[in-house]
Structure formats: C-alpha cells, structure tokens
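First up is the structure itself, then whatever we jot down about it.
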Amino acid sequence: MDTKNISFITEFILVGLTEYTETHFPFFFLFLGIYVITVAGNLGLLTLIGMNSPLHTPMYYFLFNLSFIDLCYSTVITPKLLVNFVSEKNTISYEGCMTQLYFYCFFVSAECYVLTVMAYDRYVAICKPLLYTVTMSPQVCSLLTLTVYVGAFIGAWAHTGCMLRLTFCKDNTVNHYMCDILPLLELSCSSTYINELVVFIVVGFDVGVPSITIIVSYTFILSSILHIHSTEGRSKAFSTCSSHIIVVSVFFGSGAFMYLHPSSVLSMDQGKVSTVFYTIVVPMLNPLIYSFRNKEVKVALRKTLSMKIFS
C-alpha cells in the first residue's frame with residue numbers, strides 16, 4: 001500500500017443502534033429508563049452490602065464486586081449511546097474510542113470471571129458446607145477477586161494493544177453504537193489476522209473456561225440438591241440456581257454468538273442486538289435477580305430504610 005495516499009483518521013462516526021431517525025427518541029427514553037434502573041439497582045446493592053454487617057459474607061462480597069462491574073461497564077457504554085440518539089453527528093475521537101474499547105473489554109471480562117467465582121462459591125456452600133468457612137476465607141476471597149481483575153486486565157490489554165497497531169484510513173464510519181472489536185476491524189487498512197486470532201483465543205478462553213467451570217459446579221450443586229429431603233428446601237435451591245443459570249446463559253450466550261462466529265456468517269446488525277443484551281440488559285437484571293429476590297437483602301433493605309425514617 002502506498003503510504004503517501006493514506007489519510008489517517010482522528011475520529012470515528014458511530015452509526016448507532018438504528019439508522020431510522022423516527023425511532024431515536026423512543027429508544028432514548030427506553031435506554032435512559034434501563035440505565036436509571038441499572039444505576040439505582042447496583043448503587044443500592046453496593047450501599048446495602050457496605051452498610052449491613054450481616055451481608056459481609058463471601059457470597060455478598062462477590063455480589064458487591066459484580067454490582068461494581070455492572071455499574072462501571074454499563075456507564076462505559078450507555079451514556080454515549082444516549083447521546084447518539086439526540087445528536088446529529090455521532091463522533092468519538094480515536095483516543096476516546098480506544099479508551100472505551102479498553103474499559104469495555106476489561107469489565108466484560110471481569111464479569112465473566114466474577115460470575116464463575118460466584119458459581120464456585122455456591123458449589124462450596126452447598127456441596128461442602130462444613131468446609132465453607134475455611135475454603136472461602138477472607139484471604140481466598142481476596143485472591144479470587146485479584147485473579148478476576150488481573151485476568152480482565154490481561155484480556156483487555158491484549159485486545160486494545162492489538163487494535164492500536166492497526167492503521168485506520170479513509171472510511172471512519174463504525175457500524176455500531178460503540179467502539180467494539182469487530183466493527184473496528186472492518187475499517188482497518190492493514191491486516192487484521194493477528195487481531196482475529198487474539199479475539200478467538202481470548203474470547204474463547206473468557207467464555208469457554210468460565211462456562212465449563214460453571215457447568216461442572218452446577219452439576220455437583222444439582223446433584224446435592226436432589227439429595228435434599230425437604231421439598232421446600234429443594235424448591236428454594238432450584239429457584240436460586242435457575243435464576244443464576246438464566247443470567248449466565250444470556251451473558252455468555254450473547255457474547256459467544258457475537259465473537260465466536262466468522263465475520264462472514266454474522267451480520268453487524270445481529271451483532272448489535274446481541275451486544276445490547278450483555279452490555280445494557282444484563283447489568284440491569286443482575287441486581288434484580290441475584291439480590292432483590294433474596295431474603296437477606298430484603299431484610300437489610302427494610303432495616304436501612306427504617307433507620308433512615310426514624311433517625
């Protein structure tokens with residue numbers, strides 16, 4: 001390629017979720033409502049866990065981290081999406097795009113790992129209750145959390161570092177509502193082979209290893225539940241498992257659908273819909289499914305509200 005004819009770009013234009021302008025305002029209010037619920041739910045959960053000592057257990061420690069991750073990566077994506085709905089020209093600088101890409105990859109990877117750790121925590125609690133206090137000690141919980149964030153850092157830097165080595169020229173229109181990996185690869189003037197290989201390896205690891213771990217954990221959990229003689233106890237345990245499995249399936253399924261297909265098979269419009277689930281919908285659902293259906297969280301919420309009223 002003749003480098004003299006290359007005009008390097010300094011900003012990208014985001015197409016958005018849809019090109020139909022008549023749907024922009026309905027979508028704006030829809031996603032604004034989702035974002036408000038996401039922020040309120042996750043901030044509320046962070047506050048409850050921090051203020052109530054009965055919730056200072058390994059399960060809620062990991063739930064605290066899950067809410068923090070959901071709040072952060074929803075904030076990385078949704079505010080810019082809302083601006084796109086009301087702006088005539090949806091631009092983002094090259095630096096801003098790479099920054100959004102990095103934090104998006106970081107928090108999505110962290111979500112994968114923390115969901116896995118939560119499944120392991122439930123496995124120990126149900127299958128090895130007598131060893132739970134020793135196995136899930138504060139030191140072990142801290143080490144698992146450190147592993148979550150270090151793994152996320154490595155994965156995010158692998159994606160972003162490979163993206164920074166690419167050359168972007170001429171077309172700067174990203175067919176997406178965010179700076180995602182695959183839409184950016186379509187705009188590259190240089191070879192994307194290494195990038196695609198890194199995507200397949202890193203995403204395959206981020207999805208495959210947690211999925212296998214979660215499946216194995218829940219296989220043992222379900223086996224233990226079936227040995228519970230109390231019908232009420234089995235029903236309660238199955239309900240908890242089904243809620244977790246639903247959210248995990250939506251998150252991992254949509255991620256695998258987006259990234260583990262060849263680009264020739266998956267259209268970018270299908271990719272946008274898939275991305276909406278795990279970047280916008282899942283962060284809203286997590287505090288509702290994992291927490292506000294939980295008896296201990298409800299007790300802590302009533303206690304906190306009563307303290308505020310009578311103070």
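When reading the values below, keep in mind they use all heavy atoms of this one structure, side chains included, and skip hydrogens, waters and symmetry mates. Because the structure is a prediction, the values reported are computed rather than measured.
Residues L81 and M178 form no side-chain contact, since every pair of their non-hydrogen atoms from C-beta on lies 4.5 Å or further apart. Side chains of L185 and L166 form a contact here, defined as non-hydrogen atoms less than 4.5 Å apart. Here the side chains of V124 and L131 are not in contact, with every heavy-atom distance at 4.5 Å or above.
Using a 30° and 60° split on the angle between ring planes, F31 and F27 fall in the tilted class, from 30° to 60°. Between F106 and Y102, the ring planes are parallel. Angles under 30° get that label, and only those over 60° would be called perpendicular.
Among the candidates V207, T213, I214, the single residue satisfying the side chain to side chain contact (heavy atoms under 4.5 Å, CB included) test with S211 is V207. Test T145, D206, T147 against Y113 for side-chain hydrogen bond (donor to acceptor under 3.5 Å, both in side chains) and you get one pass: D206.
Heavy atoms only, all atoms of each residue included: S224 and I126 are closest at CB-CG2, 4.0 Å. Shown here for I221 and A119, the closest heavy-atom pair between the two residues is CD1-O, 4.2 Å. Residues T116 and P210 approach most closely at OG1-CB, 2.8 Å, considering heavy atoms. Here the shortest heavy-atom pairing between S93 and G96 reads OG-N, 2.9 Å. Heavy-atom minimum distance, F168 versus C189: C-SG, 4.2 Å. Minimum interatomic distance between F64 and L46 (heavy atoms only, all atoms of both residues): O-CD2, 3.2 Å.
Residues I215 and V203 do not share a hydrophobic cluster, defined by chaining ILVMFWY side chains whose heavy atoms lie under 4.5 Å apart. Under the 4.5 Å side-chain heavy-atom criterion for ILVMFWY residues, a single connected hydrophobic cluster contains both Y73 and W157. Connection of V108 to V202 is not established within any shared hydrophobic cluster, with ILVMFWY side chains joined at heavy-atom distances below 4.5 Å, either directly or through further cluster members. Under a hydrophobic-cluster definition in which Ile, Leu, Val, Met, Phe, Trp and Tyr are linked whenever side-chain heavy atoms come within less than 4.5 Å, directly or via other members, V83 and V76 are assigned to different clusters. When the side chains of ILVMFWY residues are joined at heavy-atom separations under 4.5 Å, either directly or via intervening members, Y132 and L143 end up in two distinct hydrophobic clusters.
Within 6.0 Å of the OH atom in Y149, the count of heavy atoms belonging to other residues, nucleotides or ligands exceeds 12. Other residues, nucleotides and ligands contribute only 12 or fewer heavy atoms inside 6.0 Å of the CZ atom of F68. Remark: F220 CZ is loosely packed, at most 12 non-hydrogen atoms of other residues, nucleotides or ligands lying under 6.0 Å away.
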Legend entry - F85 and F25: CA distance, side-chain angles, deciding distance, side chain to side chain contact (heavy atoms under 4.5 Å, CB included) verdict: CA-CA 7 Å; F85 284 132; F25 278 105; over 6 Å; no

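Counted by atom type alone, N90 and Y177 present zero donor-acceptor pairs between their side chains at under 3.5 Å.
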